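Residue numbers begin at 1 in each chain, while the letters A, B, ... track the order of the sequences. Just so it is clear, the model here is predicted, and its values are computed rather than measured.
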Amino acid sequence: MSLAPETEITEMLFRILFSILLLTLIVLLSYWQNINLEKVFTWSFVRGFIQILLMASILIVIFELRDLLILYGVLLFMCVFAAYTAKNRFPYPNIFKLELVAITTASIFVMVIVTTPILTIDSTPISIIEREGTYIIPMGGMVIANVMVMTTIVLERLIADIKKSKGTIEAALSLGDSSWNSVKPILKESFRAGLLPTTNRVAVLGIVTIPGLMSGMIIGGVNPVIAAIYQVIIFLMILSAGFIGEIMIGFLFIKELFTSEDQLKISWFNPK
Amino acid sequence: MNGQSMDNQKQKNNGEDCPICFQNVSFIINSNQIINNISVRIDRKGITGIIGPSGSGKSTFLRLLNRLISATTGRISLDEKSYDTIPVRELRKRIGLVQQRPYLFAKTVEDNLTYGPRIWGVSLSKKDLIELLDKVALPHEFLDRDVENLSGGEQQRVSVARSLANNPDILLLDEPTSALDIVSEEILENTIRNLSQEGIKIIIVTHSLEQTKRLTDQLLFLKDGKFIEKTSTKEFFHKYNEKEIRGFFKKKESR
């Protein structure tokens with residue numbers, strides 16, 4: 001593979017320049033409505049653009065590789081970055097550690113399952129998705145990004161609800177209940193909150209939306225039916241990894257928030 | 001009650017000597033010293049009142065007793081057994097805590113009353129439930145009521161009954177009547193008095209001097225995380241006049 005021909009590059013440059021008009025629109029809207037996110041918008045787009053361009057250049061190299069270990073190494077790096085991004089949303093201690101464990105375990109577990117050969121047809125090993133960089137990296141990236149979002153929703157929900165229900169939780173503890181039991185209803189709700197957006201996306205699949213992966217494959221020239229099958233597979237991957245990640249982050253967070261003597265660490269909410 | 005030997009901590013030959021004991025207990029959070037090197041002995045019987053200005057550490061004292069928090073330094077013991085040798089959940093079952101606000105669970109009164117015993121695998125009979133309602137003077141038909149539809153006073157009584165369902169030896173009450181009207185307050189005070197007569201040790205944090213006078217046998221006066229006075233209620237009101245006592249409270253209350 002090599003870089004695209006010169007005319008294509010000039011075309012792309014114009015496309016980017018014109019799409020910046022949309023960014024200007026976003027910034028203007030933010031300014032007009034006093035949302036105060038002008039800097040955040042601009043900065044995140046600039047940063048995101050550079051990141052994804054770099055990624056794309058690296059992908060050109062990576063796709064040449066057939067070594068699964070290197071591909072998993074790339075996924076691992078993505079996990080670390082995702083955990084770091086998730087951490088930044090919470091001004092509390094140890095979130096990076098929790099997110100890293102949850103995102104990595106859940107994503108890698110599911111990726112291993114889908115790339116493990118189940119049977120061989122004509123001496124070619126068949127796994128749920130192709131064992132190639134062109135599949136593993138983008139699909140793995142989608143899984144990791146979604147696990148990050150889902151675990152973040154769970155954490156946000158947990159922190160808000162536990163803050164709100166501190167009295168009720170301590171009422172349960174003061175009766176001799178375990179810390180785990182005292183937050184069970186809250187934990188359950190936060191799992192649901194994390195899963196529902198993705199579940200809704202599955203429910204409207206094909207009718208309201210043609211999601212990212214399928215669109216990408218179609219634009220890339222793949223038969224829409226094959227693209228559709230991959231879309232269903234990626235949703236199953238996202239939901240299973242997301243669910244595992246949610247349960248992990250929930251458990252780890254509760255363990256973090258209570259002492260071994262079933263006491264709520266109130267000081268945790270006011271880190272110095 | 002054995003008032004004579006009350007402060008005689010040297011005589012330690014059996015568990016009766018120091019039923020509820022704090023030895024050099026401090027509690028520090030975010031470098032704020034809330035409880036400051038407290039040593040105190042509390043009787044096993046009767047009603048002990050904890051009084052003092054806002055922010056003096058009264059609630060923290062009760063939370064230490066129920067072990068919702070652990071002392072930073074020092075030793076708390078129950079019947080001469082150190083707190084760290086008693087399994088925490090068992091301890092909480094024996095020492096119930098009623099908070100300032102009821103913090104009831106969803107959904108019915110019955111759900112709340114059965115919550116504690118269910119932790120220990122015990123199911124309450126209809127008779128047990130009715131008995132609990134009687135103790136807090138709530139009508140029997142309240143069992144199926146949604147707690148959201150109860151008045152503040154009724155909710156607080158459900159919260160007391162919920163703690164009683166665990167059959168505690170000691171009941172801690174954190175300003176249980178501070179948000180209640182006079183009628184509810186009177187009902188709850190009667191309940192507290194009856195419980196004490198049944199042999200349940202009561203430790204109550206209160207803001208109201210009248211309530212202190214009506215209810216308690218023994219008083220602990222807490223200020224800036226320290227006990228500055230421990231007397232029988234009678235002595236306390238004998239020693240200081242009303243104006244002096246109000247002065248004790250006013251200092252930090254004006255916020």
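For A/K87, there are no salt bridge (charged side-chain N to carboxylate O under 4.0 Å, His left out) partners at least two apart in sequence or on another chain. Remark: A/A193 engages A/I153, A/R157 in a side-chain contact (heavy atoms from CB on, under 4.5 Å) (not counting sequence neighbours).
Only the side chain of B/I29 has a heavy atom closer than 4.5 Å to any heavy atom of chain A. For B/R67, the parts lying near chain A are the backbone and the side chain together; criterion is any non-hydrogen pair under 4.5 Å. Looking at B/L104, the atoms closer than 4.5 Å to chain A (heavy atoms on both sides) all sit in the backbone: N, CA, C or O.
For a heavy-atom cut-off of 4.5 Å, chain A lies close to B/R162, B/S163 in residues 156-163 of chain B. Taking non-hydrogen atoms and a 4.5 Å limit, the residue list of residues 166-176 of chain A in contact with chain B, ordered by number, reads A/G167, A/T168, A/E170, A/A171, A/A172, A/L173, A/S174, A/L175, A/G176.
Options B/R94, B/K93, B/Q99 differ in how many heavy-atom pairs under 4.5 Å they form with chain A, and the most are formed by B/Q99. When the candidates B/R101, B/R63, B/R92 are compared by the number of heavy-atom contacts under 4.5 Å with chain A, B/R92 comes out ahead. Among B/D84, B/L68, B/N166, the residue making the largest number of heavy-atom pairs under 4.5 Å with chain A is B/L68.
Counting heavy atoms of neighbouring residues, nucleotides and ligands inside a 6.0 Å radius, atom NZ of A/K188 does not exceed 12 of them.
Taking CG of A/D177 as the start and CH2 of B/W120 as the end, the distance is 8.5 Å to the nearest 0.5 Å. Annotation: the span from B/I69 atom CD1 to A/E261 atom CD amounts to 11.5 Å, rounded to 0.5 Å.
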